[in-house]
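Read the numbers this way: they start at 1 and go in the same order the structure lists the ligands and their atoms.
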Amino acid sequence: MSEYVFPPPAPVYVTVHGHAEKFPVRRVFCVGRNYAAHAREMGGDPSREPPFFFSKPADAVIRGGADTPFPPATHNLHHEVELVVALGRGGAEIAPEAALGHVFGYAVGLDLTRRDLQDEAKALRRSWDMAKGFDASAVVGEIAPAAEIGHPGEGRIVLSVNGEPRQAGDLGDQIWAVPEVIAALSRLVRLAPGDLIFTGTPEGAGPLHRGDELLGEIAGVGSVRTKIV
Ligand code: MN
């Protein structure tokens, strides 16, 4: 007799650059508005907002290189290229000075967003879940271990669509740097190994269509590719 009423799903995972062992994904957290220029283009005031978080289901993750299905229920799918932090150690109430010791590595990610549903949710003061947490909404490239690349505090972050530049910024322009993001999130939830944190997108987020080929890159970290199908 089985322990479960049906077989539990296989773990969601992301590949680790240069290693056979996979990174098992536990949860996916995301920071909203973490670059001043993007906060302004979304109608916010970057100077007065502490970091805020939303999340996606772990099985919204798809690995870079795979095709991304255009999701249902939207006419305005947007790309957001982001630095993704992959945690190797968990904890609560983590001090900023200790936060980087909890990081396994970094990847380039795409926080895909049904912007029309998000705009509606904002207007009606409803949750962002269905704007942000839909199937295949979190594209994650290979994780580069921090033991090999260190902790990138600055570096160019860019996204092109069909070879045309769309987004560009620098990690150094984040309003809340990675140690502060980890510290702030760990005051809200007990973080765990396998948690991914999308750390926000620079300016230039914009619409996608079927057939678009995306390439996101962060200097010193790596890249992520997908095609919208
Ligand atoms: Mn985002």
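The ring pair (Phe, Tyr, Trp, His ring centres under 6.0 Å) pairs that include a residue from residues 139-172 are Tyr106-His151, where partners are two or more places apart or lie in different chains.
Residues satisfying the ring-ring contact (aromatic ring centres under 6.0 Å, His included) test with Phe52, not counting sequence neighbours, are Trp128. For Phe104, the ring-ring contact (aromatic ring centres under 6.0 Å, His included) partners two or more places apart in sequence, or in a different chain, are Phe23.
A donor and an acceptor atom, one from each side chain of His38 and Arg33, are nowhere located under 3.5 Å apart. Remark: the His19 side chain and the Glu142 side chain contain no N/O donor-acceptor pair separated by less than 3.5 Å.
Atom NE2 of His75 is separated from atom CZ of Phe70 by 8.5 Å, given to the nearest 0.5 angstrom.
Here the Mn ion (ligand 1) has protein N, O or S atoms under 2.8 Å from it, and they come to 3.
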